[in-house]
S.K.: 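What follows is a single structure, and I will ask about it in a moment.
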Number of protein chains: 2
Amino acid sequence: MYEVEAKVAADHERVRRELDARDATAGETVVQEDTYFDAPHRDFAETDEALRVREQATVREGEAPGEALNGADSRVTYKGPLVDDESKTREEHETGVESGDELRAVLDGVGFTEAARVRKVRSYYALDGVTVTLDDVTNLGEYVEVELEVESEADIPDARERAYGVLRDLGLDPDDQLRTSYLGLLLE
Amino acid sequence: MYEVEAKVAADHERVRRELDARDATAGETVVQEDTYFDAPHRDFAETDEALRVREQATVREGEAPGEALNGADSRVTYKGPLVDDESKTREEHETGVESGDELRAVLDGVGFTEAARVRKVRSYYALDGVTVTLDDVTNLGEYVEVELEVESEADIPDARERAYGVLRDLGLDPDDQLRTSYLGLLLE
């Protein structure tokens with residue numbers, strides 16, 4: 001399975017109008033707060049690894065995202081370096097945890113330090129078989145991500161064209177594509 | 001709250017006879033498998049810290065402890081160095097995790113290594129307001145621990161005498177007391 005995705009900075013109000021005009025299906029809105037950690041013994045930016053605690057909650061109609069986070073589910077994830085550059089395969093381990101606060105305190109205790117927190121509100125839409133995600137990232141701005149999955153590597157070029165087509169339909173330019181993660185953009 | 005405890009090596013069959021003769025109340029039996037980790041950047045034995053993943057399950061009548069562990073609850077715990085020598089106070093952080101295996105893989109990914117696994121079957125009894133625990137520790141042997149909690153420091157000497165009294169009632173000698181943890185005994 002391969003994920004093809006493209007992300008651009010974009011004003012959400014305008015994009016939502018285009019999505020409505022095209023009868024895109026609105027999915028749920030979630031708030032995610034990701035805490036990334038620095039290791040005491042190696043530079044994760046250099047080794048291309050990540051240790052993250054994610055808190056995620058569904059945002060109900062009329063609810064403030066910060067409020068939704070009070071009852072959030074927490075998960076810890078380790079992403080190892082690329083083991084296969086071609087397919088972007090990484091070692092990844094993840095599990096749910098009862099308390100994100102306690103897990104952060106455990107990591108802090110053994111010597112990890114918080115590198116950054118990335119909070120975003122994500123609204124999902126489906127349009128022509130492509131997932132369109134409107135990300136409002138705290139202290140960074142509004143972004144739109146289009147994403148689809150394909151089974152085989154041979155399908156990647158076509159999938160990329162479909163993703164770019166959806167971007168263009170929404171009034172966005174695939175040439176504005178950003179390849180840096182939100183964490184990377186925030187640390188810049 | 002202070003915990004007063006004493007632990008001695010002891011043959012369980014003999015101790016169980018004494019417990020029965022004294023109408024001790026039998027509690028549940030649990031199996032605990034603790035994985036202790038070494039840090040890549042400091043020596044936890046030297047800094048008096050511990051990072052532990054514990055899997056614990058109740059052992060039902062006629063069930064093998066290894067079998068019970070299949071549906072175990074997992075927790076991760078960090079114990080910091082003593083912050084107050086007098087009261088044995090430590091910084092401690094703990095949370096439940098969905099999968100002990102995945103959490104061990106996360107810790108392995110970021111550079112921690114398994115120092116040891118300690119598996120024990122613990123049977124709890126209550127006798128004269130004191131908790132008596134029969135620990136059968138894999139690759140180590142059979143131990144008995146007596147424990148009680150007191151509210152204030154002033155009550156510690158009396159509590160210690162009560163604990164020692166229970167040990168004597170069970171045919172054990174408080175002078176045989178071990179102050180080393182099972183992890184320490186296994187690593188010796």
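So that the names make sense, note that chain A is the first sequence line, chain B the second, and so on, each numbered from 1.
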S.K.: Can you establish whether the number of heavy atoms outside Asp48(B) located under 6.0 Å from its atom CG is more than 12?
M.R.: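 Buried by this count: over 12 neighbours within 6.0 Å.
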
S.K.: Output the option from Gly80(B), Ala39(B), Gly111(B) having the highest count of non-hydrogen pairs under 4.5 Å with chain A.
M.R.: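 Answer, by heavy-atom pair count under 4.5 Å with chain A: Gly111(B).
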
S.K.: Within the side chain of Glu102(B), is there an N or O that forms a donor-acceptor pair under 3.5 Å with the backbone of His93(A)?
M.R.: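 Checked: no pair found.
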
S.K.: Contact part of Ala105(B) toward chain A, heavy-atom cut-off under 4.5 Å: side chain, backbone, both or neither?
M.R.: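 Its backbone and side chain both get close to chain A.
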
S.K.: Among Leu107(A), Val110(A), Thr77(A), which residue has the highest count of heavy-atom pairs closer than 4.5 Å to chain B?
M.R.: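 Counting heavy-atom pairs under 4.5 Å, the top option is Val110(A).
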
S.K.: So, do Glu98(B) and Glu98(A) sit near enough that their side-chain heavy atoms are less than 4.5 Å apart?
M.R.: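 No, side chains not in contact.
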
S.K.: Given a strict heavy-atom distance threshold of 4.5 Å, which part of Phe37(B) is in contact with chain A: side chain, backbone, both, or neither?
M.R.: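 Nothing of Phe37(B), per the 4.5 Å heavy-atom cut-off to chain A.
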
S.K.: Examine Leu134(A) and Leu172(A) and state if one hydrophobic cluster contains both, with Ile, Leu, Val, Met, Phe, Trp and Tyr joined whenever side-chain heavy atoms are less than 4.5 Å apart.
M.R.: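 Cluster IDs for Leu134(A) and Leu172(A) match.
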
S.K.: More than 12 heavy atoms of other residues, nucleotides or ligands under 6.0 Å from CD of Glu28(B): yes or no?
M.R.: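 Yes, the 6.0 Å shell around CD holds more than 12 heavy atoms from other groups.
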
S.K.: Kindly check if the number of other-residue, nucleotide or ligand heavy atoms within 6.0 Å of CG (Asn139(B)) is above 12?
M.R.: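 Atom CG in Asn139(B) is not crowded, with 12 or fewer foreign heavy atoms closer than 6.0 Å.
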
S.K.: Mind listing the closest non-hydrogen atom pair of Arg42(B) and Gly109(A) along with its distance?
M.R.: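 That would be NH2-O, 2.7 Å.
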
S.K.: Please work out which of the three classes, parallel, tilted or perpendicular, describes the rings of His41(A) and His41(B), given edges at 30° and 60°.
M.R.: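 Ring orientation of His41(B) relative to His41(A): parallel.
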
S.K.: If we ignore hydrogens and angles and just use 3.5 Å, is the side chain of Thr95(A) paired with the main-chain N or O of Leu103(B) as donor and acceptor?
M.R.: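 Looks like no, no N/O pair under 3.5 Å.
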
S.K.: For the hydrophobic clusters of this structure (ILVMFWY residues joined by side-chain heavy atoms under 4.5 Å, transitively), does one cluster hold both Val144(B) and Val130(B)?
M.R.: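 Same cluster.
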
S.K.: Is atom CG of Asp73(A) surrounded by more than 12 heavy atoms (other residues, nucleotides or ligands) closer than 6.0 Å?
M.R.: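 Check fails, neighbour count at 12 or below.
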
S.K.: Hydrophobic clusters here meaning ILVMFWY residues chained together by side-chain heavy-atom distances under 4.5 Å, can you tell me if Val76(B) and Phe44(B) are in one?
M.R.: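 Yes, same cluster.
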
